[in-house]
Amino acid sequence: MSETYDANTIEQKWQRVWDEARAWHVDNPVDPDTPDPAKSYVLEMLPYPSGSLHLGHLLVYTIGDVVMRFRRRTGLRVLHPMGWDAFGLPAENAAIREGGHPREITERNIVNIRRSMRRMGWWFDWEREISTHDPRYYRWQQWQFLRFLERGLAYRKGAPVKWCPNDQTVLANEQVLGDGTCERCGALVESRVMEQWFFRITDYADALLDDLDTVDWPESIKTRQRNWIGRSEGAEIDFRIEELGQDLTVFTTRPDTLFGATFFVLAPEHELVARIESEEVQAYVRHAAAKKTEERAAAVEKTGIFTDLHAINPVNGERVPVYVADYVLTDYGTGAVMAVPGHDQRDFDFAQAFDLPVRQVIRPAEGEVELPYVSHSDSDVLVNSGEFDGLPAPEGGRRIVERLEQEGRGRFAVNYRLRDWGFSRQRYWGCPIPVVYCDACGIVPVPDDELPVELPDVEDYKPKGQPPLAQAEDWVRTACPRCGGEGRRETETMDTFVDSSWYFLRYCDPENDSAPFDRAVVDYWNPVDLYIGGVDHATMHMIYARFWMKVLNDLGYIGFREPFASFFSNGWVTSGKTKISKRSGAATGPDEVVERYGADSIRLCILFLGPADQDMEWTEDAAEAMARFVRRLWRVVNEVVENAPAGEPEGGPLARKAHETIAKVTDDVGRRFAFNTGISAVMELANELSPDTTGRDARFAAETAVSLLQPYAPHVAEELWERLGHERLWEQSWPVADPTMLQRDTVEVVLQVNGKLRDRIQVPAAIGDDELVALALESERVRAHLNGGEPRKTVVVPGKLVNFVV
RNA sequence: GCCGAAGUGGCGGAACUGGUAGACGCGCCGGACUCAAAAUCCGGUUCCCCUCGGGGAGUGUGGGUUCGAUUCCCACCUUCGGCACCA
């Protein structure tokens with residue numbers, strides 16, 4: 001009897017061995033200019049270094065580790081790095097709350113998490129580790145920002161921004177939740193106009209949309225990005241405001257309804273509205289602007305006010321009243337709409353409330369409908385539309401725009417939901433923006449040779465109207481790089497999404513101190529072959545990173561346009577019905593469960609819970625079950641070592657089963673990412689082994705099970721491999737199923753009558769159809785169900801079944 | 001409203017291109033070992049009926065295609081997710 005299984009001892013032993021061998025490291029190629037079909041870049045989204053690992057981390061990094069180990073053993077050269085998304089609010093808030101410097105808190109967390117990661121047996125190339133708060137990293141981010149600035153891709157403008165009164169910072173639209181609260185702290189978000197830094201991501205809207213066709217991502221993720229970009233085709237139409245003698249442009253996707261425009265509406269935030277002198281109008285605007293966006297959206301009753309202005313419909317010269325109403329959104333289109341109450345529910349509601357005319361201009365080819373008629377089909381025709389009457393609606397719309405185009409009063413246009421990316425933050429713990437404000441020269445970039453602009457220490461991280469960096473007076477006051485006069489540094493910092501837009505390039509060349517990276521090395525490894533992470537980053541992070549790559553490509557720094565060739569989106573891990581995330585905190589600490597069950601069992605557990613791309617509920621029962629399996633495997637393999645001789649397998653049933661398992665696991669892990677069924681297959685093979693299984697096939701089956709389990713449970717696999725008399729399993733080629741072993745001499749054939757299973761018989765695999773049918777008809781059970789009659793029809797699936805139809 | 005994904009035992013889930021539905025695991029039941037318990041091992045476990053040979057039903061619902069449908073088609077219901085007063 002061998003000693004009992006002790007996870008901790010074994011796991012620590014092998015982790016030492018791997019570290020000594022630097023088994024997790026991969027060198028850059030000697031000749032990066034030669035493309036290498038055997039290279040593979042496997043990357044998981046880098047973690048935010050909060051206090052400790054959570055269950056979500058357990059899943060992502062275990063998936064990545066399993067894929068990486070599998071790919072290595074199939075002969076690929078795999079890059080699998082790790083780094084820290086170290087800047088950001090949580091560390092800063094912790095510093096405000098508990099004192100201390102965000103840097104100290106962050107670096108302490110990094111030490112903890114790195115230790116936990118090694119404890120899990122995850123192989124990351126620690127010689128490539130980076131952290132976004134390291135000046136050696138953000139220096140090159142500043143450098144890239146300056147390149148963007150030179151091309152006008154980074155710019156400053158006053159814009160209404162979402163302002164979190166609690167965090168005292170601007171939020172991206174994406175960081176405001178659906179109920180109008182702050183993603184981070186839950187406070188109600190307000191609207192403010194501020195000078196902000198923006199990246200011109202909207203220039204890339206079409207490229208971001210089109211290039212989705214070139215990547216291998218789940219369709220649902222692509223759809224989310226498409227929704228996010230929100231492209232709609234339509235037309236811009238100029239309405240002359242009679243009293244001001246000025247044109248106002250509206251965007252519409254329904255130019256075919258232009259003749260039905262019976263009034264005109266401006267959003268309260270529209271710049272024209274501010275110039276209206278009427279006290280009544282201004283009172284309404286104040287009232288409307290004070291309302292929260294979501295209240296406005298929820299309101300069924302339309303409110304608004306007449307402005308005394310009139311707009312001239314360019315298509316028919318009609319003079320229609322101009323209203324201000326909060327049902328028109330400032331964020332979409334131009335913030336002004338032509339209202340077509342006959343064919344839009346919102347406009348209709350407003351017309352009813354304000355007693356405005358409703359005109360039908362679209363009619364279904366057959367029959368009448370009640371207004372508003374908002375659905376549309378290709379068979380609809382235009383009515384009450386002058387010379388365009390009788391045209392099918394889509395064509396009519398086109399013709400209307402074409403005519404307006406000739407007259408210079410309209411044009412075909414595309415509108416996007418996507419806004420430019422506002423990336424400045426009024427917070428301390430972020431990458432400084434390397435510009436200087438000079439009264440004489442304006443915005444002056446910091447010269448490349450003065451980078452990095454290092455983040456100075458400040459007394460207090462709490463923003464009080466102005467960014468915390470403003471306190472560092474000595475740092476803020478600096479000579480203007482252009483004229484040498486008095487200048488002031490930018491005190492805002494970059495959104496952390498900038499940090500994560502290019503980190504995967506830096507891993508390729510982390511030590512480079514003359515450039516962000518060497519182009520040849522980056523082009524060798526990239527694009528990332530498999531990116532793994534949560535759906536929560538499907539829009540923001542993954543759109544920003546795609547944008548960044550397109551810009552770098554346009555500027556000639558990289559040779560590709562898409563960062564992530566394929567993407568695996570892992571599910572949410574919940575525990576006790578609460579989401580495990582950095583916000584809600586982990587209910588069960590992974591560190592404790594690892595202590596209790598061992599890393600191998602936990603790795604198996606998190607993957608066995610269910611399909612890795614679906615949400616799953618963490619239970620300790622599963623950890624218990626996996627620990628039981630590992631112990632059983634341990635015992636059984638040790639028994640095999642004692643009882644079963646080594647040598648060529650004999651090709652019996654056990655060897656065959658082993659080969660079948662190889663085929664199954666290879667497919668599950670290598671192609672389908674079905675980690676749970678891969679584990680099941682190994683368990684099934686292990687179930688065939690028992691204390692009294694002997695013979696060379698038993699030995700072979702045990703070796704196969706251990707070898708196949710290695711990506712999942714690397715420590716115990718390595719230990720058992722050694723006990724089976726071999727060395728360095730991690731360097732062994734992945735086993736290949738022998739096709740001849742997958743074929744059987746005899747096969748079980750199912751016999752059906754009218755599609756119902758009636759019997760099973762063993763027949764030679766090579767049997768002919770006629771012979772098989774003859775054998776099938778000998779079955780008593782089949783004959784009983786044929787009731788002595790002859791089958792009307794016989795279907796034979798060779799090697800599988802015979803179906804008699806009566 | 002539009003778009004996307006999914007509905008299978010008591011539970012998590014399997015079934016890759018239409019071919020033995022319920023792999024693997026949990027839980028439960030029975031047994032072995034034990035003074036006892038834990039641990040471990042062996043057997044059983046979709047439901048209903050049964051004369052213990054079997055028989056019938058069954059993958060959200062209703063239709064369809066097919067010798068045969070969890071898988072394909074149509075309609076519907078439910079759940080989850082994304083987008084949305086988008087003019």
Side-chain angles (χ1 to χ4, degrees), chain A residues 4 178 218-232 234 250-255 257 261 265 293 296-300 302 325-329 331-334 336-341 343-350 374-375 415-417 535 538-539 572 604-605 608-611 613-617 619-622 624-626 628-629 631-632 635 663-664 667-668 671-672 674 676-687 690-691 748-760 781 784 791-797 799-806:
Chain A
T4 51
E219 206 47 48
S220 60
I221 306 292
K222 291 188 182 185
T223 304
R224 276 162 89 147
Q225 292 216 348
R226 289 194 187 102
N227 282 342
W228 196 262
I229 296 164
R231 181 190 155 102
S232 49
V250 302
F251 175 81
T252 178
T253 56
R254 296 292 308 278
T257 64
V265 192
T293 318
R296 266 164 72 169
V300 185
K302 297 284 182 282
D326 66 5
Y327 80 89
V328 171
L329 304 177
D331 299 344
Y332 186 77
T334 60
V337 303
M338 60 176 215
V340 185
H343 304 286
D344 183 89
Q345 186 66 49
R346 295 153 297 172
D347 295 344
F348 183 82
D349 294 343
F350 191 83
V374 292
S375 60
N415 188 60
Y416 299 93
R417 202 188 78 94
V535 265
T539 44
W572 277 103
L604 286 163
C605 174
F608 189 76
L609 280 175
D613 58 350
Q614 280 167 41
D615 295 354
M616 54 188 85
E617 168 80 6
T619 64
E620 255 185 67
D621 294 352
E624 200 80 64
M626 290 302 116
R628 206 175 296 162
F629 164 62
R631 280 199 298 271
R632 212 162 60 75
R635 199 186 63 241
K664 167 89 174 130
D667 193 48
D668 281 356
R671 186 177 65 83
R672 298 174 59 219
N676 53 336
T677 53
I679 294 168
S680 294
V682 179
M683 290 176 109
E684 214 181 319
L685 177 61
N687 283 346
S690 68
E748 191 180 69
V749 167
V750 169
L751 306 184
Q752 298 179 334
V753 176
N754 286 336
K756 277 202 195 322
L757 177 109
R758 294 304 172 191
D759 203 357
R760 294 159 205 206
R781 292 188 193 167
R792 198 157 47 87
K793 184 175 177 180
T794 305
V795 182
V796 180
V797 182
K800 291 214 165 152
L801 64 77
V802 179
N803 185 18
F804 297 109
V805 186
V806 186

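A, B, ... follow the sequence lines: proteins, then strands. Residue 1 opens every chain. Given the structure is predicted, the values throughout are model-derived calculations rather than measurements.
Annotation: rC24(B) and rA75(B) have their C1' atoms spaced 36 Å apart (nearest Å). Nucleotides rU34(B) and rU40(B) have their C1' atoms positioned 12 Å apart, rounded to a whole Å. Taking atom C1' on both nucleotides, rU78(B) is separated from rU8(B) by 15 Å, rounded to a whole Å. The gap from the C1' atom of rA23(B) to that of rC76(B) amounts to 32 Å, rounded to the nearest Å. Nucleotides rU79(B) and rC29(B) have their C1' atoms positioned 33 Å apart, rounded to a whole Å. If you take atom C1' in rA69(B) and the same atom in rA15(B), they sit 13 Å apart, rounded to whole Å. rG12(B) and rC28(B): their C1' atoms are spaced 15 Å apart (whole Å). Taking atom P on both rG22(B) and rU70(B), the two are 12 Å apart, rounded to the nearest angstrom.
Listed pair N687(A) / rA23(B) fails the phosphate criterion, with no side-chain N or O lying under 4.0 Å from OP1 or OP2. Look at R635(A) and you'll find a side-chain N or O under 4.0 angstrom from OP1 or OP2 of rC41(B). Remark: K302(A) is not in phosphate contact with rA87(B), judged by side-chain N or O atoms under 4.0 Å from OP1 or OP2. The phosphate of rC24(B) (OP1 or OP2) has no side-chain N or O of R632(A) nearer than 4.0 angstrom.
The pair E219(A)-R224(A) does not count as a salt bridge, with every side-chain nitrogen at least 4.0 angstrom from each carboxylate oxygen.
A side-chain N or O of N687(A) and one of R632(A) form a donor-acceptor pair less than 3.5 Å apart. Side-chain atoms of D668(A) and T677(A) include a donor-acceptor pair closer than 3.5 Å.
Formation of a donor-acceptor pair under 3.5 Å by the D615(A) side chain with backbone atoms of W572(A) is found in this model. Checking side-chain atoms of D344(A) against main-chain N and O of R346(A) turns up a donor-acceptor pair under 3.5 Å. Without hydrogens or angle criteria, Q225(A) side chain to A538(A) main chain gives a donor-acceptor distance under 3.5 Å.
Atom CG in L604(A) sits roughly 17 Å away from atom P in rC24(B) (whole-Å rounding). If you measure from atom CD of E624(A) to atom C1' of rG27(B), you get 13 Å, rounded to the nearest angstrom. When rounded to the nearest whole Å, the span between CD of Q345(A) and C1' of rC2(B) equals 16 Å. If you take CZ of R417(A) and C1' of rA84(B), they are 9 Å apart, rounded to a whole angstrom. In this structure, Y416(A) places its OH atom 18 Å from C1' of rC83(B), rounding to the nearest Å. Taking atom CD1 on I679(A) and atom C1' on rG13(B), their separation rounds to 13 Å, with Å as the unit. Between the P atom of rA69(B) and the NZ atom of K756(A) lies a distance of 9 Å, rounded to the nearest Å. A straight line from CD of E684(A) to C1' of rG25(B) spans 12 Å, rounded to a whole angstrom.
Candidate nucleotides rC83(B), rC24(B), rA14(B) were compared by shortest atom distance to the side chain of T677(A), and rA14(B) ranks first. Relative to the side chain of R631(A), the nucleotides rC85(B), rC67(B), rU40(B) differ in distance, and rU40(B) lies closest.
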Pairs under 3.5 angstrom, nitrogen or oxygen only, protein versus nucleotides 28-33 of chain B, please.
none

Could you go through nucleotides 44-50 of chain B and list every protein N or O atom that sits under 3.5 Å from one of its N or O atoms, giving the distance for each pair?
none

Could you list the protein-to-nucleotides 17-21 of chain B atom pairs, N/O on both sides, closer than 3.5 Å?
residue : atom : partner : partner atom : Å
rG19(B) : N2   : Q752(A) : OE1          : 3.4
rU20(B) : O2   : R760(A) : NH1          : 2.9
rU20(B) : O2   : R760(A) : NH2          : 2.9
rU20(B) : O4   : E748(A) : OE1          : 3.3

Strictly under 3.5 Å: I want the nitrogen or oxygen pairs between protein and nucleotides 3-12 of chain B, one per line.
residue : atom : partner : partner atom : Å
rG12(B) : O2'  : L609(A) : O            : 2.6

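Taken from OH in Y416(A) to OG in S232(A), the straight-line distance is 9.0 Å, to the nearest 0.5 Å. The line from CG of N415(A) to OG1 of T253(A) is 9.5 Å long, rounded to the nearest 0.5 Å. A distance of 13.0 Å separates NZ of K800(A) from CD of E748(A), quoted to the nearest 0.5 Å. Rounded to the nearest 0.5 Å, atoms CG (L801(A)) and CZ (R760(A)) are 12.0 Å apart. Atom OG1 of T619(A) and atom CG of L609(A) lie 5.5 Å apart (nearest 0.5 Å). The structure places CG of L685(A) at 12.5 Å from OG of S680(A), a figure rounded to the nearest 0.5 Å.
Scanning all heavy atoms of the two residues, the minimum distance from R254(A) to T252(A) falls at N-OG1, 2.9 Å.
Using a 4.0 Å heavy-atom criterion, one finds that R231(A) contacts no nucleic acid atom at all. The residue N676(A) sits close only to the backbone: its heavy atoms come under 4.0 Å of sugar-phosphate atoms, none of a base. Note on S690(A): nothing from the nucleic acid sits closer than 4.0 angstrom, heavy atoms only. Within 4.0 Å (heavy atoms only), V337(A) reaches at least one base atom of the nucleic acid. Counting non-hydrogen atoms under 4.0 angstrom, T252(A) reaches the backbone sugars and phosphates but no base. Contact annotation for P218(A): no contact, since no heavy-atom pair falls under 4.0 Å across all strands.
K302(A) forms a cation-pi arrangement with Y327(A), by the criterion of a distance under 6.0 Å to the ring centre and an angle within 45° of the ring axis.
Considering only residues two or more places apart in sequence or on other chains, F608(A) meets the ring pair (Phe, Tyr, Trp, His ring centres under 6.0 Å) condition with none of them.
Glycosidic torsion of rG27(B) falls outside 90° of 0, placing the base in anti. Glycosidic conformation at rG9(B) (O4'-C1'-N9-C4 for purines, O4'-C1'-N1-C2 for pyrimidines): syn, within 90° of 0.
Each of A622(A) and A674(A) was assigned the nucleotide of RNA chain B with the nearest heavy atom; the assignment lying further toward the 5' end belongs to A674(A). Each of F804(A) and M616(A) was matched to the nucleotide of RNA chain B holding its nearest heavy atom; the match closer to the 5' end belongs to M616(A).
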For RNA chain B, the dot-bracket notation using Watson-Crick and G-U wobble pairs below 3.5 Å, [ ] for pseudoknot-type crossings and | for other-strand pairs, is (((((((..(((......[....)))((((((.......))))))((((....))))..(((((..]....))))))))))))....

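At a cut-off of 3.5 angstrom, the base of rA87(B) holds at least one donor-acceptor pair with the side chain of R346(A).
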Let me see the working for E620(A) and E624(A) under side chain to side chain contact (heavy atoms under 4.5 Å, CB included), right down to the final yes or no.
CA-CA 6 Å; E620(A) 255 185 67; E624(A) 200 80 64; 5.7 Å; no

